[in-house]
Amino acid sequence: MKKRIILVCLFISLSNTYGQDYQKSNVVLEGQQAPNFTIKLEKGKTINLSSLKGKVVLLNFFATWCGPCMVEMPILQQEVWAKYKENKNFVLMSFGRGHSAEEVNLFRDKKKFDFPIYADKDKSVYNLFATQYIPRNYLIDKNGIIVYSSIGYSPEEFEKMKEKINEIIK
């Protein structure tokens with residue numbers, strides 16, 4: 001019994017420590033204005049987040065070596081992108097944190113994803129939102145406010161994100 005109590009206390013302590021680490025890794029929080037950024041697209045074009053005001057934007061950060069990311073991305077393709085890709089009021093931007101354009105293009109082709117995936121080799125976009133941990137999702141409303149964020153992947157958390165998209169896309 002004593003060992004069980006010690007193990008439970010250790011688990012609670014570790015959970016609180018990691019939970020605090022996750023929270024400390026946030027640069028921006030729900031309820032705050034999403035930081036603006038500009039990314040280079042192919043053929044010299046650029047896009048910036050502020051130009052997407054009036055739309056619901058989902059930012060997804062991943063890495064090709066990240067196990068939870070590899071679980072989440074096919075679900076992102078099937079349950080979010082497939083549903084909203086034709087909706088003119090929705091934008092999905094997925095960023096390969098620490099990856100070059102060549103790496104994300106090869107990855108996208110290999111995995112047969114058809115949603116937009118961008119390189120964030122120097123983590124300049126990622127660092128506007130967080131300091132560590134992936135996958136991460138940030139849902140931004142039509143006014144540019146972060147209305148949902150998640151760290152890591154779980155089916156329950158992903159469902160919450162989908163519900164929030166459904167709620168604000170109208």
Side-chain angles (χ1 to χ4, degrees), residues 22 25-28 30 34-142 144-166 168-169:
Y22 281 140
S25 70
N26 288 316
V27 174
V28 292
E30 290 178 23
N36 192 33
F37 58 83
T38 301
I39 58 167
K40 292 179 184 177
L41 305 175
E42 294 177 11
K43 300 179 183 173
K45 294 183 179 181
T46 61
I47 187 170
N48 59 49
L49 185 61
S50 63
S51 71
L52 300 174
K53 277 207 176 170
K55 298 178 185 286
V56 171
V57 179
L58 176 59
L59 303 180
N60 166 264
F61 294 96
F62 76 97
T64 61
W65 49 261
C66 167
C69 302
M70 295 305 102
V71 172
E72 179 180 70
M73 293 195 71
I75 299 167
L76 186 64
Q77 169 85 31
Q78 296 164 359
E79 297 182 15
V80 176
W81 182 243
K83 183 173 182 177
Y84 295 109
K85 67 182 175 182
E86 300 298 325
N87 188 321
K88 294 176 185 170
N89 294 316
F90 180 77
V91 176
L92 171 60
M93 301 176 82
S94 188
F95 291 92
R97 187 189 80 164
H99 291 294
S100 69
E102 181 180 359
E103 289 171 320
V104 296
N105 289 337
L106 287 171
F107 171 75
R108 181 180 49 235
D109 294 346
K110 179 181 177 186
K111 297 291 186 176
K112 297 182 174 38
F113 295 135
D114 66 348
F115 57 88
I117 301 176
Y118 305 100
D120 190 19
K121 181 138 181 87
D122 63 359
K123 303 178 188 175
S124 60
V125 177
Y126 178 81
N127 288 336
L128 294 171
F129 292 85
T131 59
Q132 57 186 352
Y133 305 119
I134 49 174
R136 279 186 179 262
N137 291 294
Y138 293 89
L139 185 61
I140 302 165
D141 73 8
K142 295 176 182 181
I145 304 298
I146 298 169
V147 295
Y148 174 87
S149 64
S150 66
I151 303 169
Y153 172 77
S154 75
E156 299 81 16
E157 194 67 34
F158 201 86
E159 281 301 313
K160 287 180 191 175
M161 182 179 74
K162 289 181 355 185
E163 289 170 13
K164 191 67 175 178
I165 293 170
N166 281 329
I168 68 171
I169 198 80

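Count residues from 1 along the sequence. Every heavy atom of this structure was used, including side-chain atoms; hydrogens, water molecules and symmetry mates were not.
Of the possible polar contacts, one joining the E103 side chain to the S100 backbone as a donor-acceptor pair under 3.5 Å is found. Side-chain atoms of Y153 do not come within 3.5 Å of backbone N or O of V71 as any donor-acceptor pair. In this structure, the side chain of N60 does not engage the main chain of N137 through any donor-acceptor pair within 3.5 Å.
We find the OG1-NZ distance between T64 and K111 to be 9.0 Å, quoted to the nearest 0.5 Å. One finds the NZ atom of K142 at 14.5 Å from the NZ atom of K53 (value rounded to the nearest 0.5 Å). Distance CD/E72 to CD1/I134: 10.0 Å, rounded to 0.5 Å. Note: I146 CD1 to L59 CG = 8.0 Å, rounded to the nearest 0.5 Å. The CZ atom of F107 sits 11.5 Å away from atom CG of N105, with the distance rounded to the nearest 0.5 Å. Expressed to the nearest 0.5 Å, how far CZ of F158 lies from CD1 of I75 amounts to 6.0 Å.
For the pair M161/K164, no side-chain contact is recorded, criterion being any heavy-atom separation below 4.5 Å from C-beta on. With a 4.5 Å cut-off on side-chain heavy atoms, M93 and L58 do not count as touching. No side-chain heavy atom of R97 sits under 4.5 Å from any side-chain heavy atom of C66. The shortest side-chain heavy-atom distance between H99 and I117 does not fall under the 4.5 Å cut-off. Using a 4.5 Å cut-off on side-chain heavy atoms (C-beta onward), V56 and V147 make no contact. With a 4.5 Å cut-off on side-chain heavy atoms, Y133 and P135 do not count as touching. Residues F62 and P68 have side chains not in contact (no heavy-atom distance under 4.5 Å, counting atoms from C-beta outward). L92 has its side chain out of reach of Y84: every pair of non-hydrogen atoms, C-beta onward, lies at least 4.5 Å apart.
Each of I140, I145, D141, N89 was scored for a side-chain contact (heavy atoms from CB on, under 4.5 Å) with I168, with one residue passing: D141.
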Self-check item: Verdict with reasoning, V28 to Y138, per side chain to side chain contact (heavy atoms under 4.5 Å, CB included)
Solution: CA-CA 10 Å; V28 292; Y138 293 89; 4.2 Å; yes
Practice problem: May I have the step-by-step check of ring-ring contact (aromatic ring centres under 6.0 Å, His included) for F37 and Y118, ending in yes or no? | Solution: CA-CA 13 Å; F37 58 83; Y118 305 100; 8.9 Å; no
Exercise. In sequence, state the C-alpha distance, the side-chain angles, and the governing distance for R136 and Y126, and then conclude on side chain to side chain contact (heavy atoms under 4.5 Å, CB included).
Key: CA-CA 9 Å; R136 279 186 179 262; Y126 178 81; 3.4 Å; yes
Exercise. Quick one: do M73 and F113 satisfy side chain to side chain contact (heavy atoms under 4.5 Å, CB included)? Show the steps, please.
Key: CA-CA 9 Å; M73 293 195 71; F113 295 135; 3.7 Å; yes
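Of all heavy-atom pairs spanning F115 and R108, the tightest one is O-CD, 3.8 Å. Taking both residues in full, the closest heavy atoms of L52 and V91 are given as CD1-CG1, 4.0 Å, listed atom of the first, atom of the second, then distance. Across every non-hydrogen atom of A34 and L49, the tightest pair is CB-CD2, 3.8 Å. Shown here for E157 and S149, the closest heavy-atom pair between the two residues is OE2-O, 4.2 Å.
Heavy-atom neighbours of K85 NZ from other residues, nucleotides or ligands within 6.0 Å: above the threshold of 12.
Using a cutoff of 4.0 Å between basic side-chain nitrogens and carboxylate oxygens, K162 and E159 are scored as salt-bridged.
In this pair, F61 and F95 present their aromatic rings parallel. The plane angle is below 30°, not in the 30 to 60° band.
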